[in-house]
Trainee: 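Below: one structure in structure tokens.
Order of listing sets the numbers, starting from 1, for every ligand and every atom in it. Small disclaimer: the values here were computed from a predicted structure and weren't measured. Residues take their numbers from the sequence shown, with the count starting at 1.
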Amino acid sequence: MCGIVAAVADRNVVPVLLEGLRKLEYRGYDSAGLAVLNGGLHRLRSVGRVAELAAQAEEKKTSGEAGIAHTRWATHGAPSERNAHPHISGGLAVVHNGIIENHEALRQQLQADGYLFTSDTDTEVIAHLVEKKLRTITDLFDAVRAAITDLQGAYALAVMRESDPTRIVVAREGSPLLLGIAEDGHYAASDASALLQVTRNMVYLENGDCAEISRSGLRISRVDGTLVERPVIESQLSADAVELGTYSHYMQKEIFEQPDALANTLEMVGAARSVQPGLFGADAAEVLGGARQVLILACGTSWHAGLVARYWLEAIAGIPCSVEIASEYRYRQSVPDADTLVVTISQSGETADTLAALQHAKSLGMLRTLAICNVPESSLVRETALRFITRAGPEIGVASTKAFTTQLAALYLLTLVIAKLRGKLDAETETRELIALRHVPAAVQRVLDLEPEIKAWAQLFSAKHHALFLGRGRHYPIALEGALKLKEISYIHAEAYPAGELKHGPLALVDKEMPVIAVAPNDTLLEKLKSNLQEVRARGGELFVFADADSEMSDSEGVHVLRLPEHYGALSALLHVVPLQLLSYHVALVKGTDVDKPRNLAKSVTVE
Ligand code: G6P
């Protein structure tokens with residue numbers, strides 16, 4: 001989704017702005033732009049890749065010591081050059097992430113004041129509004145503060161002015177923004193990865209903060225002007241972690257990083273003899289132990305992780321659990337229970353709907369809250385009573401892979417901790433479960449070794465237009481995740497069904513053009529699943545079955561079987577998603593799609 005980079009330094013900042021935008025490309029965008037101050041305001045915009053913007057900058061020899069830059073993911077107005085940021089009013093330029101909800105009313109007022117709009121965006125309203133404030137307020141910082149009191153919605157923004165080339169003003173409400181402190185100047189960005197090229201010293205702004213950066217300093221205040229201090233944090237993000245290295249795509253890299261990501265996430269149980277509530281925070285024993293039910297809130301792949309966890313929490317910990325899509329929950333009239341543990345799951349910790357759903361749950365009096373998140377400095381982590389940070393490392397590919405498996409590892413730990421607090425986990429089972437968890441990274445590595453066979457299957461899929469994924473029990477959410485991966489990156493229409501539902505509709509779609517993928521580990525539902533697969537074969541459907549060592553299934557006419565090396569009990573969901581990730585990746589490669597940046601999608605969905 002949209003990204004911001006801003007810089008004021010003792011150097012030409014254009015290369016820094018462009019490199020920052022490249023680092024934000026993974027979030028998903030459809031156009032890019034930048035503006036610099038250098039004896040006037042110079043703006044460049046392009047529909048397409050940051051590389052095109054860089055080529056323009058090179059050709060026009062654009063340079064300057066203060067600048068703002070942006071990658072845009074269209075919300076208001078089509079992806080086009082006229083809608084790309086920065087937007088300009090007078091000698092003022094603005095970049096913005098988020099959505100201004102009252103932009104139409106503001107636009108009408110500003111048009112009545114004589115401002116001419118040249119784009120369809122909500123952002124242009126901000127440019128004109130600040131310009132208007134500057135007619136009565138001389139200082140840019142004060143004018144931005146005044147302007148944002150008129151805004152409703154979510155924003156991170158950066159503003160600079162031709163007549164004041166030594167500083168940039170930024171503000172945040174709802175969308176992430178941080179400052180970077182370097183020896184040669186000060187920087188701002190929507191994501192730390194954009195600034196690692198110049199500094200590790202970051203200042204995370206809070207909602208309602210405005211800041212002014214110049215070469216020599218920074219100043220942060222609340223909207224009302226009260227000055228505030230925010231701590232300087234040394235970012236632990238590894239610069240290497242966001243490099244592609246020897247891989248062709250981030251998604252491929254991230255699929256193969258899963259053994260390490262899981263080992264890092266499970267590091268704290270590495271030598272432990274028991275699972276401790278403290279894994280989830282200092283007050284975890286009280287917060288988790290007193291919960292009577294669990295409500296999981298998430299979006300996309302993170303929602304699928306929640307769906308798997310429901311099977312675990314109810315079967316192993318004996319606690320009732322419901323799982324809701326955050327964008328639905330936040331607007332639904334539900335029945336709150338103060339003793340509900342609200343678990344939010346998010347890779348980024350910045351997904352607008354997940355944040356809003358959490359706030360909604362809290363407003364209903366549910367204060368036992370936990371975030372399972374991959375970004376320690378994210379908004380989500382700051383807003384929950386408890387937290388568990390998955391240690392997947394930065395995930396760049398839009399299609400989530402290692403974040404999902406590490407979320408599952410965290411949710412399994414949560415299940416064991418709650419089971420223990422509820423007296424449902426005897427010492428012998430606890431030891432056995434810990435041994436199983438420690439073996440997960442090695443087990444995932446053995447599944448990755450099946451890549452050559454999966455690659456061969458991918459050839460058979462690439463000409464198809466539809467695919468059906470089937471699973472039962474806790475493997476039904478894995479089928480959902482497999483279908484999501486395939487549609488996200490290969491654009492093949494894919495649907496997932498619990499296999500028992502087949503005859504209630506989807507069977508009508510099955511013919512020889514419809515590949516059916518079955519997630520079929522040897523669990524108590526395998527025999528039932530086999531009957532469902534017979535129903536598919538009888539209609540001429542071609543089956544691709546991901547079985548395991550104990551499944552006793554083999555290839556036959558129209559049935560392709562791949563065995564995962566070992567059967568993994570309750571944790572099999574964690575293993576079985578991996579071949580589905582690889583299948584989507586290889587199908588996308590055959591089809592030649594943009595694997596890491598699929599069309600229309602964004603990595604971090606910071607707007608509603
Ligand atoms: C976007 C991403 C998905 C992700 C979802 C939720 O749609 O493309 O991969 O699952 O957002 O994101 P979160 O960061 O909250 O897990």
Side-chain angles (χ1 to χ4, degrees), residues 1-3 24-30 73 75 97 174-176 190-191 193 249-251 254-255 261 265 296-309 323-330 342-359 370-384 387-390 392-408 410-411 477-478 480-491 577 580-581 584-585 588 593-608:
M1 203 142 271
C2 305
L24 298 179
E25 282 191 296
Y26 77 93
R27 294 164 65 103
Y29 70 106
D30 43 55
W73 188 82
T75 57
N97 291 355
S175 296
S190 49
D191 186 316
S193 61
H249 299 95
Y250 282 106
M251 184 182 183
E254 287 155 9
I255 291 173
T265 299
I296 298 179
L297 302 170
C299 302
T301 288
S302 298
W303 176 65
H304 293 159
L307 290 176
V308 174
V323 189
E324 293 215 34
I325 291 178
S327 56
E328 285 295 310
Y329 176 76
R330 62 183 288 195
V342 178
V343 180
T344 49
I345 309 171
S346 174
Q347 187 285 125
S348 61
E350 303 294 350
T351 302
D353 282 319
T354 307
L355 285 164
L358 170 66
Q359 270 143 19
L370 162 68
I372 292 179
C373 188
N374 196 38
V375 182
E377 303 93 357
S378 64
S379 305
L380 192 69
V381 171
R382 287 200 290 267
E383 289 179 22
T384 48
R387 64 209 47 108
F388 185 98
I389 306 300
T390 50
E395 192 181 64
I396 310 291
V398 165
S400 184
T401 53
K402 61 178 181 170
F404 179 70
T405 41
T406 54
Q407 285 166 351
L408 289 181
L411 288 160
I478 297 304
L480 282 170
E481 176 60 9
L484 178 64
K485 290 286 87 87
L486 191 69
K487 69 185 121 182
E488 276 180 316
I489 61 165
S490 77
Y491 315 148
V577 74
L580 301 184
Q581 298 167 343
S584 303
Y585 175 68
T593 54
D594 191 345
V595 173
D596 287 330
K597 297 180 215 72
R599 66 186 181 201
N600 307 339
L601 298 181
K603 179 70 182 160
S604 187
V605 183
T606 48
V607 297
E608 193 178 338

Trainee: Taking Gln347 as the fixed residue, which of Asn374, Thr390, Thr301 is the one that meets the side-chain hydrogen bond (donor to acceptor under 3.5 Å, both in side chains) rule?
Mentor: Asn374
Trainee: Starting from atom 5 (C) of ligand 1, locate the nearest protein heavy atom and write down its residue, its atom name and how far away it is, to 0.1 Å.
Mentor: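 Result: Cys299 O, 4.1 Å.
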Trainee: Show the atoms of ligand 1 that are less than 4.0 angstrom away from any heavy atom in Ser302.
Mentor: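 Those of ligand 1 that fall under 4.0 Å from Ser302 are 10 (O), 13 (P), 16 (O).
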Trainee: What do the steps show when you test Glu383 against Leu355 for side-chain contact (heavy atoms from CB on, under 4.5 Å), and what is the final call?
Mentor: CA-CA 9 Å; Glu383 289 179 22; Leu355 285 164; 4.1 Å; yes
Trainee: Looking at Ser400, which atoms of ligand 1 are within less than 4.0 Å of one of its heavy atoms?
Mentor: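 This gives 9 (O) as the contact atoms.
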Trainee: Can you list the atoms of ligand 1 that are under 4.0 Å from a heavy atom of Lys603?
Mentor: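 So the answer, numbered in order with elements, is 1 (C), 2 (C), 11 (O).
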Trainee: So among Leu370, Ile372, Thr354, Val381, which one has a side-chain contact (heavy atoms from CB on, under 4.5 Å) with Thr344?
Mentor: Thr354
Trainee: Quick one: look up the protein heavy atom nearest atom 7 (O) of ligand 1 and list residue, atom name and how far away it is.
Mentor: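 Sorting protein heavy atoms by distance from atom 7 (O) of ligand 1 puts Val605 CG2, 3.9 Å first.
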Trainee: Between Thr354 and ligand 1, does any nitrogen or oxygen pair lie at a separation below 3.5 Å?
Mentor: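 No; the residue has no nitrogen or oxygen that sits under 3.5 Å from a nitrogen or oxygen of the ligand.
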Trainee: Strictly by modelled atom types, are Asp353 and Thr351 linked by a side-chain donor-acceptor pair under 3.5 Å?
Mentor: no
Trainee: Supply the atom-to-atom distance Trp303 CH2 to Ser346 OG, rounded to the nearest 0.5 angstrom.
Mentor: 15.5 Å
Trainee: Any N or O on Val398 sitting closer than 3.5 Å to an N or O of ligand 1?
Mentor: yes
Trainee: What's the separation between atom CD in Glu395 and atom OG1 in Thr406, rounded to the nearest 0.5 Å?
Mentor: 7.5 Å
Trainee: For atom 8 (O) of ligand 1, which protein heavy atom lies nearest, and how many Å away is it?
Mentor: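 Result for atom 8 (O) of ligand 1: Ala602 O, 3.0 Å.
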Trainee: So do the side chains of Lys402 and Met251 get within less than 4.5 Å of each other, counting heavy atoms only?
Mentor: no
Trainee: Among protein heavy atoms, which lies nearest atom 4 (C) of ligand 1, and at what distance?
Mentor: Thr301 N, 4.2 Å
Trainee: Please state which protein non-hydrogen atom is closest to atom 12 (O) of ligand 1 and give its distance, to 0.1 Å?
Mentor: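 Nearest protein contact, heavy atoms only, for atom 12 (O) of ligand 1 is Thr351 OG1, 3.3 Å.
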Trainee: Looking at ligand 1, does any of its N/O atoms fall within less than 3.5 Å of an N/O of Ser346?
Mentor: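 Yes, at least one N or O pair falls under 3.5 Å.
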Trainee: Can Asp594 and Arg599 be counted as an ion pair, charged N to O under 4.0 angstrom?
Mentor: no
